[in-house]
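Note on naming: letters A, B, ... go to the chains in the order of the sequence lines (proteins, then strands), and numbering restarts at 1 for each one. The figures here come from the full heavy-atom set of this structure, side chains too, leaving out hydrogens, waters and symmetry mates.
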Amino acid sequence: MKKTPLNTAGQLLHCCHSIAGLTLGQLAAQLKVDVPANLKRDKGWVGQLLELALGAEAGSQAIPDFPALGIELKTLPIDQQGKPLESTYVCVAPLTGVTSQSWQQSWICQKLQHVLWVPILAERQIPLAERVIGTGFLWQPSVAEQQALQQDWEELMELITLGGIDQIRGAHGKVLQLRPKAADSKALTAAVGANGEPIQTLPRGFYLKASFTAAILSRQFNLAEQSLKY
DNA sequence: CGGTGATCATTG
DNA sequence: CAATGATCACCG
């Protein structure tokens with residue numbers, strides 16, 4: 001865990017391993033950060049803490065957490081069985097001006113090319129300061145994962161550009177969801193209406209379903225097990 | 001507002 | 001009890 005910017009993915013991973021096994025309280029103490037009583041009013045606290053610990057530079061800018069490496073940092077709340085407790089927010093969804101954009105050029109695709117996942121044992125019954133940081137790992141989508149994501153994305157984007165956004169619910173995709181991403185249900189942003197006319201609607205964001213992130217963890221977990229056997 | 005970081009909490 | 005829709009805090 002260093003304060004200086006990391007130059008390689010290897011250094012980042014090493015830094016990540018050095019904080020694995022610590023509780024959030026221990027890490028916060030090292031960084032001289034106060035631990036909130038709960039996450040009710042500090043939902044992004046865990047993510048911010050890990051960004052500080054690993055030296056992410058992007059802050060709240062719309063760029064990768066590690067610009068030089070093109071790597072995105074994401075914490076993943078899991079239970080003791082290693083199962084994700086929540087779906088994972090990826091980024092906001094463009095609602096206008098994206099006709100004929102390809103999956104490969106999309107913002108979400110770019111973000112998902114290199115992700116540093118850091119599992120956090122975060123069952124709600126465990127006090128925040130006692131939650132344990134897991135072993136982070138670098139991930140790139142497999143061909144199959146890429147195809148599943150692209151398929152859902154294309155379906156969702158077609159609905160958005162054709163004015164079907166108000167029919168989209170969280171259940172629409174298999175691995176990718178489109179759900180509200182706003183301060184509250186009254187926030188508005190521009191979108192396309194049913195007849196192609198401009199309308200105002202709730203801002204949406206792309207989320208990875210828990211079953212998808214569970215598969216990522218499973219793949220990592222199984223590989224780790226295999227490496228112990230041989 | 002739109003983006004970052006997400007989790008909360010009601011509901012089926 | 002998982003999943004969807006709602007919400008919290010901070011920044012430029």
Nearest-nucleotide comparison on DNA chain C, the residue closer to the 5′ end among Lys186(A) and Ala210(A): Ala210(A)
Gap between atoms CZ and P, on Arg179(A) and dT4(C) respectively (whole Å): 7 Å
Closest-nucleotide ordering on DNA chain B, the 5'-leading residue of Cys91(A) and Arg124(A): Cys91(A)
Thr75(A) side-chain N/O to dA6(B) phosphate OP1/OP2 under 4.0 Å: yes
Proximal nucleotide (of dC8(B), dG5(B), dT7(C)) relative to the Glu51(A) side chain: dG5(B)
Between dA9(C) (P) and Gln48(A) (CD): distance, integer Å: 13 Å
Sugar-phosphate, base or nothing in reach of Gly44(A), heavy atoms under 4.0 Å: base
Check: dC8(B) base within 3.5 Å donor-acceptor of Glu86(A) side chain: yes
Nearest-Å distance for atom pair CZ/P, residues Arg204(A) and dG3(B): 14 Å
Rounded distance (Å) that lies between atom C1' of dA2(C) and atom NZ of Lys83(A): 8 Å
Sugar-phosphate, base or nothing in reach of Pro77(A), heavy atoms under 4.0 Å: sugar-phosphate
Below 4.0 Å: OP1/OP2 of dA3(C) and any side-chain N or O of Gln177(A): no
Touch class at under 4.0 angstrom, heavy-atom based, for Leu188(A) against every strand present: sugar-phosphate
Spacing of Leu128(A) atom CG relative to dA9(C) atom P, expressed in whole Å: 15 Å
Nearest-nucleotide pick for Arg41(A), side chain only, options being dA9(C), dT7(C), dT4(B): dA9(C)
Selected nucleotide, minimal atom distance to Leu39(A) side chain, candidates dT7(B), dC1(B), dA6(C): dT7(B)
Nearest-Å distance for atom pair NE2/P, residues His172(A) and dT4(C): 12 Å
Touch class at under 4.0 angstrom, heavy-atom based, for Ala122(A) against every strand present: nothing
Salt bridge flag under 4.0 Å for residues Glu86(A) and Lys43(A): no
Modelled atom types, side-chain donor and acceptor of Gln146(A) and Gln140(A), under 3.5 Å: no
Under 4.0 angstrom between Ser185(A) side-chain N/O and dT7(C) OP1 or OP2: yes
Other residues, nucleotides, ligands: >12 heavy atoms within 6.0 Å of Asp184(A) CG: yes
Side-chain donor/acceptor contact of Lys40(A) with base of dT7(C) under 3.5 Å: no
Sugar-phosphate, base or nothing in reach of Ser87(A), heavy atoms under 4.0 Å: base
Sugar-phosphate only, base, or nothing, as touched by Arg169(A) at under 4.0 Å among non-hydrogen atoms: sugar-phosphate
Lys181(A) vs dA6(B): side-chain N/O to OP1/OP2 distance below 4.0 Å: no
Presence of donor-acceptor pair under 3.5 Å, side chain of Tyr207(A) and base of dA6(B): yes
Sugar-phosphate only, base, or nothing, as touched by Glu72(A) at under 4.0 Å among non-hydrogen atoms: sugar-phosphate
Between Gln150(A) and Glu154(A): side-chain donor-acceptor atoms closer than 3.5 Å: yes
Rounded distance in Å - CZ (Phe212(A)) to C1' (dA3(C)): 18 Å
Atom-to-atom span, CG of Leu156(A) to C1' of dT4(C) - whole angstrom: 14 Å
Carboxylate-amine/guanidinium proximity below 4.0 Å for Arg131(A) and Asp79(A): no
Cluster overlap Leu202(A) with Tyr89(A), hydrophobic side-chain contacts below 4.5 Å: no
Side-chain N,O (Ser60(A)) to OP1/OP2 (dG5(B)) below 4.0 Å: no
Spacing of Leu178(A) atom CG and Trp153(A) atom CH2 [to the nearest 0.5 Å]: 12.5 Å
dG3(B) phosphate, OP1 or OP2, under 4.0 Å from Lys111(A) side-chain N/O: no
